[in-house]
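Notes follow the structure.
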Amino acid sequence: MKAIPCLLACVALATASARADKFEGLALTPPMGWNTWNTFAGNCNESLVKETAKAMITNGMRDAGYVCIVIDDCWALKERDPNGQLVPDPAKFPGGMKALGDYLHANGFKFGMYGCAGKTTCGGYPGGRGHEFQDARQYASWGVDYFKYDWCDHGTANGPETYRIMSDAIRAAGRPIVFSLCEWGQNKPWLWAEPVGHLWRTTGDIGSTYASGGKNKWEHGWKELLDMNVGLEKYAGPGHWNDPDMLEVGNGSMTLAENRSHFSLWCMLAAPLIAGNDVRSMKPEIHAILTNRDVIAIDQDKLGHEGFRYSADKEKEIWAKELSNKGWAVCILNTGAAPAKITVDLRELTFLTEQYYDVKDVWSGKALSNSVEPKTAVIDSHDVMLLRLTPGS
Ligand code: GLA
């Protein structure tokens, strides 16, 4: 009598284990690239994408690692064709998506696209609900390498089930595509999305400000998003990243310090580095932030550990990120409204296990005295001191 339930359980187990998960071996370090949304919103188009690609080659962004160019919302016509296929808006993308993907690939980029799990996208274009397998085949046929899947107009749909369907559809289409879940952290994707996708938004949308209260009421300042990511570090690792949303470096009216600290802290979080400014016309100091190889190296460190907030007091926060070869990045953020003279005695940081470290000030590129000497600096309001520690003598 006991054989039948056992048999059923065994069949169920075998079915579960036969189910394919996401493509493995992708996004072993946090994805890097550029996305149309943060600056251009609904005005994405083919010439913008091509001009951006050219600019990213000339200004060194591609070679610094920003290889994935993502077309966000508003690329399609408002209706699917009679076969149910999505149709790129011919006024915006006259050459079509396959040709644009070929252009990006020929120029050393990867091709990213956007869809939405609901009936319509956030911009009111056709969503993927009920069309997942058809859409995934279409994206694959266009040569898409990275797919962001949004969460507007999802009605009563269940988050984990919905994203699992799209993940299965991508798998079935056969092209290895990085799957970026964009359900704004509403269903705690860090708890269930690792087999389903390669990165997941942990929060609502970013705005181009330090604190909240930017131009759109649903957008958050980056410091608020940073706070929301506290405690999530244990869920990230190679191939599965927390995504605190794309970069606003170079956008809005943030101070240079706020741009620099936004970038530093996204690197401390091992966040995907998806730039969102107009890279055709950015100021040299913004370019210098986005292409600083030593800071990018902290984000892209192969160990794949996300940093954590070690301490927070009235004037400062200390963030720490373990790196390969027993190294550490330590980032001190002045959260106050005025410049502050801040001293950090590295010997008091309880996570450090070596007796001595060589210390580099990452933004200035200068070697400092070793970790035995307390480090003092005047840090501007909302600016950082970013240190890289390497076991030394
Ligand atoms: C949502 C997403 C954004 C962007 C817009 C497009 O708000 O979170 O990143 O993709 O939709 O409409």
Side-chain angles (χ1 to χ4, degrees), residues 30-45 48-49 52 66 68-78 86 88-89 92-93 97 111-129 135 139 144 146-155 157 159 162-163 166 177-190 193 197-209 212 214-222 224-226 228-229 241-252 262 266 269 271-278:
M32 290 179 68
W34 180 86
N35 174 299
T36 52
W37 185 255
N38 280 355
T39 293
F40 300 97
N43 298 318
C44 57
N45 62 68
L48 169 69
V49 170
T52 298
Y66 296 88
C68 189
I69 296 194
V70 187
I71 300 168
D72 208 281
D73 201 357
C74 310
W75 58 265
L77 287 181
K78 292 264 174 168
L86 291 165
D89 183 338
K92 291 177 174 169
F93 295 93
M97 292 306 184
F111 179 26
M113 286 209 65
Y114 164 102
C116 182
K119 285 199 202 120
T120 55
T121 72
C122 300
Y125 294 83
R129 188 145 188 216
D135 288 353
Y139 294 124
V144 167
Y146 177 106
F147 183 60
K148 168 177 172 180
Y149 207 38
D150 213 341
W151 190 227
C152 275
D153 200 11
H154 61 267
T162 304
Y163 282 90
M166 194 64 208
I177 291 178
V178 171
F179 187 33
S180 158
L181 288 75
C182 178
E183 59 75 83
W184 319 317
Q186 286 192 347
N187 297 278
K188 298 191 167 62
W190 47 89
H198 303 90
L199 60 156
W200 47 80
R201 283 272 296 277
T202 51
T203 64
D205 284 11
I206 194 167
S208 53
T209 50
S212 290
K215 66 178 184 326
N216 297 316
K217 65 176 183 323
W218 65 87
E219 292 173 349
H220 303 270
W222 66 256
E224 191 186 2
L225 298 185
L226 182 70
M228 290 183 206
N229 278 272
W241 307 103
N242 289 315
D243 175 6
D245 204 359
M246 303 178 286
L247 293 166
E248 290 281 12
V249 175
N251 290 340
H262 169 29
W266 259 229
L269 289 178
L273 299 179
I274 309 291
N277 57 325
D278 188 345

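Position 1 is the first residue of the sequence; numbering continues from there. All ligand and atom numbering here is 1-based and tracks the order in the structure.
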Please write down residue, atom name and distance for the protein heavy atom closest to atom 12 (O) of ligand 1.
Asp73 OD2, 2.8 Å

Residues Thr202 and Asn242: side-chain donor-acceptor under 3.5 angstrom
no

Under the 3.5 angstrom rule, does the side chain of Asn229 hit a backbone N or O of Leu225 as a donor-acceptor pair?
yes

Would you say the SG of Cys152 sits under 2.5 Å from the SG of Cys122?
yes

Counting only heavy atoms closer than 4.0 Å, does ligand 1 sit against the backbone of Thr121, its side chain, both, or neither?
neither

Spacing of Tyr139 atom OH and Ile177 atom CD1 [to the nearest 0.5 Å]:
9.5 Å

Select one of side chain, backbone, both or neither to describe which atoms of Cys182 lie under 4.0 Å from any atom of ligand 1, heavy atoms only.
side chain

Compute the shortest N/O to N/O distance between Asp245 and ligand 1 and return yes if it is under 3.5 Å, no if not.
no

Name the closest protein heavy atom to atom 2 (C) of ligand 1, giving the residue it belongs to and the distance to 0.1 Å.
Asp150 OD2, 3.3 Å

Centroid-centroid distance, Tyr146 to Phe111, less than 6.0 Å
no

Check: Asp153/Thr120 side-chain N/O donor and acceptor closer than 3.5 Å
yes

Just which atoms of ligand 1 are under 4.0 Å from any heavy atom in Cys122?
1 (C), 11 (O), 12 (O)

Say whether Asp150 and Trp184, considering side chains only, have a donor N or O and an acceptor N or O under 3.5 Å apart.
yes

Run the contact test for Trp184 against ligand 1 with a 4.0 Å cut-off on heavy atoms, strictly below, and give the result.
yes

One finds that the ligand 1 atoms under 4.0 Å from a non-hydrogen atom of Lys148 are 3 (C), 4 (C), 9 (O), 10 (O)

Among all protein non-hydrogen atoms, which one is nearest to atom 3 (C) of ligand 1, and what is the separation to 0.1 Å?
Asp205 OD2, 3.5 Å

Please find out if less than 6.0 Å separates the ring center of Trp151 from that of Tyr163.
yes

Give the single entry among Trp37, Tyr125, Trp218 that approaches atom 5 (C) of ligand 1 most closely by any heavy atom.
Trp37

Say whether Tyr114 and ligand 1 are in contact under the criterion: heavy-atom distance to a ligand atom below 4.0 Å.
yes

Nearest protein heavy-atom contact for atom 10 (O) of ligand 1: which residue, which atom, what distance?
Asp72 OD1, 2.7 Å

